[in-house]
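In what follows, every heavy atom counts, from backbone to side chain, and hydrogens, waters and symmetry copies are set aside. Heads up: numbering here begins at 1 and tracks the sequence.
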Amino acid sequence: MKLVLEDNSIWEGRSFGASTGFEGEVVFNTGMTGYVETLTDPSYKGQILVCTYPLQGNYGVPEPEERDGLPWPFESDRIQVSGLIVTRHSERHSHHAAAKTLGQWLSEQGIPAIEDVDTRALTRLLREKGTMRGKILPESDTARLAELPQVNMPEVVDLVSCKSPQKYERGNIHIALVDCGMKRNILRSLLKRDLSVTVVPWDYDLESMYDEVDGYFISNGPGDPKDAEILIGNLRKLLKRDKPVFGICLGHQLLALAAGADTYKLPYGHRSQNQPVQDLLTRRCFITSQNHGYAVDNDSLPHDWDTWFVNVNDETNEGIRCVSGPFASVQFHPEASPGPTDTAYLFDEFVRMIARSRFVHVR
């Protein structure tokens, strides 16, 4: 098998997944662990993933275990990446919960994968030239990009969003969780806080449930945020009212666009488990997990919105908050737990936003 990039460079290796070709955006992730969660993250839909850490698959793939009514540790119901590139994968897993190898799992779901590739050199190329399109091909295949399967990226959010509302009954606080390609751990984190949650499709009429819910939570997801025009319009309506809205990752970018700010594409994105961000209110620094290819333009924020968090490495925007209303969002993933859980407190902050909003209404 081989990976052919749009700069005409060729990266050859050995197939250990499905023997099929695919064309998509090539991105890299620096995580040392968490490949099960990463591969099932809908934010990677339509992308070919390069893992910089050399060994993948050493603890195999477990059978789903139900926690809080959801299969764990999977972030969705299938592998979402369109292809996987690694230095080496472990053919013999070593973990008591493992049910199959990484290669078996990829083959079962029709995902092509290549090993024996110098992924650190490949990552350096992607860092220098930026994210590129590429194609995975069998060794003798010379198919052109247009001949290969690919995801329609302007419609990608619709591909990964739920198709009808799903309700999870817990406590007496009821929120709407907008599924733009939701990682299941966001839902788990909300349910752990005794919130009743109704998960709705990305293009759902959010105002139609305004009297039923106490707040709105906008999930992560793939693609260019500007393509989700329906949701941006629905969020603009919510920003004219007074119930709390909180966003994560793509939800952060969508909230910013609804507020009147702008977004732009990053050269190669932030996809790792150790990105440092700083809270500009407290000056505290946190270690965060991230997966995004777009960012909010700090200079475009309206007058009543402030930058909340910034990335310490490149000073890109990592969070915004409204001065005049209960609206806020972050670019990173507080629900992720690859090691540090520094920012999980933000789910509690969302609950406090709801409590404060309820108090104001009662008064």
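A salt bridge does not link Glu6 to Lys135: none of the charged side-chain nitrogens sits closer than 4.0 Å to a carboxylate oxygen. Under the 4.0 Å criterion applied to side-chain N and carboxylate O atoms, Glu335 and Arg188 are not assigned as salt-bridge partners.
Considering only residues two or more places apart in sequence or on other chains, Asp299 meets the salt bridge (Lys or Arg N to Asp or Glu O under 4.0 Å) condition with none of them. Residues satisfying the ring pair (Phe, Tyr, Trp, His ring centres under 6.0 Å) test with Tyr216, not counting sequence neighbours, are none. Remark: Arg193 pairs with Asp348 by the salt bridge (Lys or Arg N to Asp or Glu O under 4.0 Å) rule, at least two apart or across chains. Under the rule for a salt bridge (Lys or Arg N to Asp or Glu O under 4.0 Å), the partners of Asp214 that lie at least two apart in sequence or sit in another chain are Arg358. With sequence neighbours excluded, the residues forming a side-chain hydrogen bond (donor to acceptor under 3.5 Å, both in side chains) with Ser76 are Gln80, listed by chain and number. With sequence neighbours left out, Glu212 forms a salt bridge (Lys or Arg N to Asp or Glu O under 4.0 Å) with no residue at all.
Side-chain contact of Gln331 with Gln253: a donor-acceptor pair under 3.5 Å is present, judged by distance alone.
Sequence neighbours left out, the pairs with a member in residues 197-211 that pass salt bridge (Lys or Arg N to Asp or Glu O under 4.0 Å) are Glu207-Arg241. Screening residues 170-181 for side chain to side chain donor-acceptor pair (under 3.5 Å), with sequence neighbours left out, gives His174-Thr198. Applying the side chain to side chain donor-acceptor pair (under 3.5 Å) test to pairs two or more places apart or on separate chains, those with a residue in residues 45-57 are Glu25-Gln47. Under the ring pair (Phe, Tyr, Trp, His ring centres under 6.0 Å) criterion, the residue pairs touching residues 294-326 are Phe309-Phe332, with sequence neighbours excluded. Applying the salt bridge (Lys or Arg N to Asp or Glu O under 4.0 Å) test to pairs two or more places apart or on separate chains, those with a residue in residues 153-162 are Asp158-Lys163.
Of all heavy-atom pairs between Val160 and Gly181, the closest is CG2-CA, 3.5 Å.
When atom types are taken as modelled, the side chain of Arg271 and the backbone of Tyr268 share a donor-acceptor pair closer than 3.5 angstrom. Although no hydrogens or angles enter the test, the distance criterion places a donor-acceptor pair under 3.5 Å between the side chain of Ser189 and the main chain of Asn185.
Ring centroid separation for the pair Phe350 and Tyr345 does not come in under the 6.0 Å cut-off.
For CZ of Arg124, the number of neighbouring non-hydrogen atoms (other residues, nucleotides, ligands) closer than 6.0 Å is 12 at most. Surrounding CE of Met32 are at most 12 heavy atoms belonging to other residues, nucleotides or ligands under 6.0 Å away. With a 6.0 Å radius and a threshold of 12 heavy atoms from other residues, nucleotides or ligands, Glu65 has its CD atom above the threshold.
Summarising the hydrophobic clusters (Ile, Leu, Val, Met, Phe, Trp, Tyr; side-chain heavy atoms under 4.5 Å, direct or chained), the residues clustered with Phe16 are Val27, Tyr35, Val36, Leu39, Tyr44, Leu49, Tyr59, Val61, Phe74, Ile79, Val81, Leu84, Val86, Leu102, Trp105, Leu106, Ile111.
Using cut-offs of 30° and 60° on the angle between ring planes, the pair Phe347 and Phe217 is parallel.
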